[in-house]
Every structure is written in structure tokens, then in C-alpha cells.
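What you are looking at is a predicted structure, and each value in this text was computed from that prediction instead of being measured. Just so it is clear, the values below take in all heavy atoms, side chains as well, and ignore hydrogens, waters and symmetry mates.
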Amino acid sequence: MAESISQRRRYAIGYALAAKKQQSFMQLSLVNLAKGRGIDLIRIDTGKPLVEQGPFDCILHKFYGDDWKCQSDDYKARNPNVVILDSPNAIERLHNRISMLQVVSELKISQGSGSGSGSETLGIPKQIVIYDVETLKDHRSWEGLKFPPPIVLQEFVNHGGVIFKVYVVGEYVKCVKRKSLPDVSEDKLGNLGGLLTFAQVSNLSSSNEKNDELFYDKLHLDDCEMPPQRFIMDIARGLREAMKLNLFNFDVIRDTRFGNRYLVIDINYFPGYEKMPLYETVFTDFLWDVVSKKEGNTTAAMNLDAKESCVCRSG
């Protein structure tokens, strides 16, 4: 006779998310779907010590800071079988925009791994860190920048006004295309007398609204060719292994000067998955894999200990 849902082992997954993130991500559709799979999503009260809560089979979080890191380390030490998604130490690398993209240069991606032209290449845009105001004053056009140092200046690369956003949830990878900043013509680049103001990606600014509207009118997003799936999968796997993260997304653009050259321009931890199609199913499947694998590993370890104990006694 099949085991009823009420008799199955249930898993407790605690989540620690900021109020805004909790509202957007922890939707009722996700909570109910997970519940039907035997997973209870339980809010962690960040105003109380973590060790006083639970017990949890897994902790899902997007919290930062030394205090949270110490609390999660303490909880892990007391509960060695708990899975923490993801390690605060691994997440920390993404807080620095320079070190964040350096990981791309460390990837061992075989060129031509995609199913397209067979010669796709991967890189990152040129970047420079400005640590002081005096460095900014070296160029007259930078005086309009209002951001206090240190700041990172990243090379703008024409990319056809399309950005590819790649969502990673464990081994699951989903690539979607979105409208991005418009290309800058060679004529305009040659006549620049200072800063060039762009429209925002999703909200046209008044200064260039007319030109940007013309650009987007000509842009047919549906006709834009996606990057080779195998190529994107290889990048995602490489980043996941190098960063030791399960939950992130990265933004990729295609250099219009070289149709097979792709650049990773940004990486984010625990992005807005609710924007991803069928995110509830994807995330529930992922959480189930995590806790069931954990359960299997724990059982295997217990069996091994029992076997070793029997061998010792028999000897």
C-alpha cells in the first residue's frame, strides 16, 4: 500500500530574506507547491538567534554581514547535516565587482562548445577602479559623475540592444532575452563632447527618448538569435563550480563587432527568480533534490558507521 502524504518524512526549510525579497519571492503558489512535495517553508526570525530556531534541514537566505555569517557558522557547527544555501563566504565574492567578474577569466570553457558557428568565445568588458576624486579629474567629462569613489567604470560594448539573462538554480539553467541599452553609432562616438546619457533599460529618459524609441521600434526581440544552449550551459556549470554557488544569475551580451564573441557583464546572487517562467516548479524540484540528497547521504553514513561497528565487534 502506497505511503500517504501525511506519513512521509517532511522537510523543514528555513528562509531568511529581507521583507521586499520575501514578498516578491515567497509567493503562496511556491509555498503550496513545496508543501505538497513534503517541504515546509518556514520564515526565520532574524531578530532572534538562529540557533534558537528550527530544527531545519536546509536554510535558504539572502542576508549579509558578519553577524549573520557568525550565526550561520554557529548553526552549521551545531547541526552539521544542515544545508545552507549558499555559503556566506562564497557569496561574499559577488560583493566586489572586480573579483566578481574575474571568475569568468578562470573558467575552462572549450571554444566552440555551442551548437552554432562552433567558434564562440567568452570574456568580460574592460574595467577600471576609481579610488579617489583626483583620478576622476584626469578627464573633464568625468566631472559629471555624482558617485563617490571608489567606483568601477566598465567599458560599454555595442550589443544590438539585447541582453541575455541566465538564471541558475542548481543544475537548472534558463536563458531569456531582454531589451537593453541601445547601440552607439561610430559617428556619435566621434562627436562626443562629454558624457553620453542613456535611457534606462526599462524606462526611457527624456534626453534621448526620441532616438531610443526609434531604436527600439526597429528592434524585434523575437527575431534575435539566442546564444547556443550548450555554450550557455557550459558557462553556467563553470561559474557554479568555480564560485561554489547554486543560486545566481549572470548577464551576457553579444559583441556586435564579432557575432561569436560573448561578454559576461554582471553576476548576481539569488536574483528575482519570480520573473522566471514556472519558477515555483523549478525551485521546488531543486529544494527536493537538495533535501533528499542530504537524507540519502546521512542514511549512507549511518549504514557505514553501523557496518564498521559490526566489523570491529566481530574482530
Is the shortest distance from a Lys or Arg side-chain nitrogen in Asp73 or Lys76 to a carboxylate oxygen in the other one below 4.0 Å? no
If you group Ile, Leu, Val, Met, Phe, Trp and Tyr whenever their side-chain heavy atoms sit less than 4.5 Å apart, what else falls in with Leu33? none
Min side-chain heavy-atom separation Glu225-Arg254 under 4.5 Å: yes
Within the distance-only criterion (no hydrogens, no angle test), does the side chain of Asn79 pair as donor or acceptor with the backbone N or O of Val82 below 3.5 angstrom? no
Between Glu280 and Ser29, which heavy-atom pair has the shortest distance, and what is it? OE2-OG, 2.8 Å
Given side chains that start at C-beta, do those of Leu263 and Val157 come closer than 4.5 Å, heavy atoms only? yes
For Glu171, does the CD atom sit with more than 12 other heavy atoms under 6.0 Å from it, leaving out its own atoms? no
Heavy-atom neighbours of Gln23 CD exceed 12 at 6.0 Å: no
Can you list every side chain to side chain donor-acceptor pair (under 3.5 Å) pair that touches residues 82-92, not counting sequence neighbours? Lys69-Asn89, Asp86-Asn246
Nearest-0.5 Å distance that lies between atom OG1 in Thr46 and atom CG in Leu17: 10.0 Å
Nearest-0.5 Å distance that lies between atom OG in Ser292 and atom CD1 in Ile39: 8.0 Å
Where the side chain of Lys293 meets the backbone of Trp288, is there a donor-acceptor pair that is under 3.5 Å apart? no
Looking at residues at least two apart in the chain, or sitting in another chain, which of them share a side-chain contact (heavy atoms from CB on, under 4.5 Å) with Glu106? Arg93, Val103
CD1 of Ile253 to OH of Tyr262: how many Å apart, nearest 0.5 Å? 11.5 Å
How close do Val51 and Asp74 get, counting heavy atoms only, and between which atoms? CG1-OD2, 3.4 Å
Could you see if Ile84 belongs to whatever hydrophobic cluster contains Tyr11? Use Ile, Leu, Val, Met, Phe, Trp, Tyr and a side-chain cutoff under 4.5 Å. no
Please identify each residue that fulfils side-chain hydrogen bond (donor to acceptor under 3.5 Å, both in side chains) with Asp289, with sequence neighbours left out. none
Please determine whether side chain to side chain contact (heavy atoms under 4.5 Å, CB included) holds for the pair Phe286 and Leu85, giving the CA-CA distance in whole Å, both sets of side-chain angles, and the decisive distance to 0.1 Å. CA-CA 11 Å; Phe286 167 69; Leu85 298 171; 3.7 Å; yes
Heavy-atom nearest pair, Gly170 first then Val168, reads O-CG1, 3.4 Å
Mind running side chain to side chain contact (heavy atoms under 4.5 Å, CB included) on Val290 and Ile13 for me, showing each step along the way? CA-CA 10 Å; Val290 169; Ile13 296 184; over 6 Å; no
Quick one: list whatever passes side-chain hydrogen bond (donor to acceptor under 3.5 Å, both in side chains) with Arg37, sequence neighbours left out. Asp285
Closest non-hydrogen atom pair, Phe248 against Leu245: CE2-O, 3.6 Å
List for me each residue that meets ring pair (Phe, Tyr, Trp, His ring centres under 6.0 Å) alongside Tyr75, sequence neighbours excluded, and say none if there are none. none
Might you work through the side chain to side chain contact (heavy atoms under 4.5 Å, CB included) test for Leu30 and Thr284, ending with a clear yes or no? CA-CA 7 Å; Leu30 172 62; Thr284 299; 3.7 Å; yes
side-chain hydrogen bond (donor to acceptor under 3.5 Å, both in side chains) involving Asp67 - partner list, sequence neighbours excluded: Gln71
Compare all side-chain heavy atoms of Phe231 with those of Leu122 and state whether any distance is below 4.5 angstrom. yes
Residue pair Lys35 / Asp40, side-chain heavy-atom distance below 4.5 Å: yes
Please tell me whether Leu60 and Phe63 are part of a single hydrophobic cluster in this structure, the criterion being side-chain heavy atoms less than 4.5 Å apart. no
So, Ser119 and Asn260: side-chain donor and acceptor under 3.5 Å apart, yes or no? yes
So which pairs with a foot in residues 159-169 pass side chain to side chain donor-acceptor pair (under 3.5 Å), sequence neighbours left out? His159-Ser180, Lys165-Asp251
Under a 4.5 Å cut-off applied to non-hydrogen side-chain atoms, are Ile44 and Phe56 in contact? yes
Rounded distance [0.5 Å steps], CG in Leu101 versus CD in Gln127: 5.0 Å
Pairs involving residues 15-35, ordered by first then second residue, that meet ring pair (Phe, Tyr, Trp, His ring centres under 6.0 Å) (sequence neighbours left out): Phe25-Phe270, Phe25-Tyr279, Phe25-Phe283
Closest non-hydrogen atom pair between Gly160 and Asp183, with its separation: N-OD1, 2.9 Å
If the condition is side-chain hydrogen bond (donor to acceptor under 3.5 Å, both in side chains), which residues does Thr281 pass it with, not counting sequence neighbours? none
Which of Leu181, Val176, Ile265, Val252 passes side chain to side chain contact (heavy atoms under 4.5 Å, CB included) with Ile163? Answer is Ile265
Give every residue pair that meets the side chain to side chain donor-acceptor pair (under 3.5 Å) criterion with at least one member in residues 53-64, sequence neighbours excluded. Arg9-Asp57, Asp57-Lys294, His61-Trp68
Nearest 0.5 Å, please: how far is CG in Leu278 from CE in Met276? 8.5 Å
If you group Ile, Leu, Val, Met, Phe, Trp and Tyr by side-chain heavy-atom gaps below 4.5 Å, do Tyr273 and Ile91 land in one group? yes
So do the side chains of Leu247 and Val169 get within less than 4.5 Å of each other, counting heavy atoms only? yes
If you define the side chain from C-beta out and look only at heavy atoms, does anything of Ile232 sit under 4.5 Å from Met226? no
Please collect all salt bridge (Lys or Arg N to Asp or Glu O under 4.0 Å) contacts where either partner lies in residues 259-278, sequence neighbours excluded, each pair once. Arg97-Asp266, Asp255-Arg261
Closest non-hydrogen atom pair, Leu41 against Val31: CD1-CA, 4.0 Å
Is it the case that one hydrophobic cluster holds both Val83 and Leu287, taking links as side-chain heavy atoms less than 4.5 Å apart, direct or via other members? yes
How about Met243 and Ile267: do any of their side-chain heavy atoms sit closer than 4.5 Å? yes
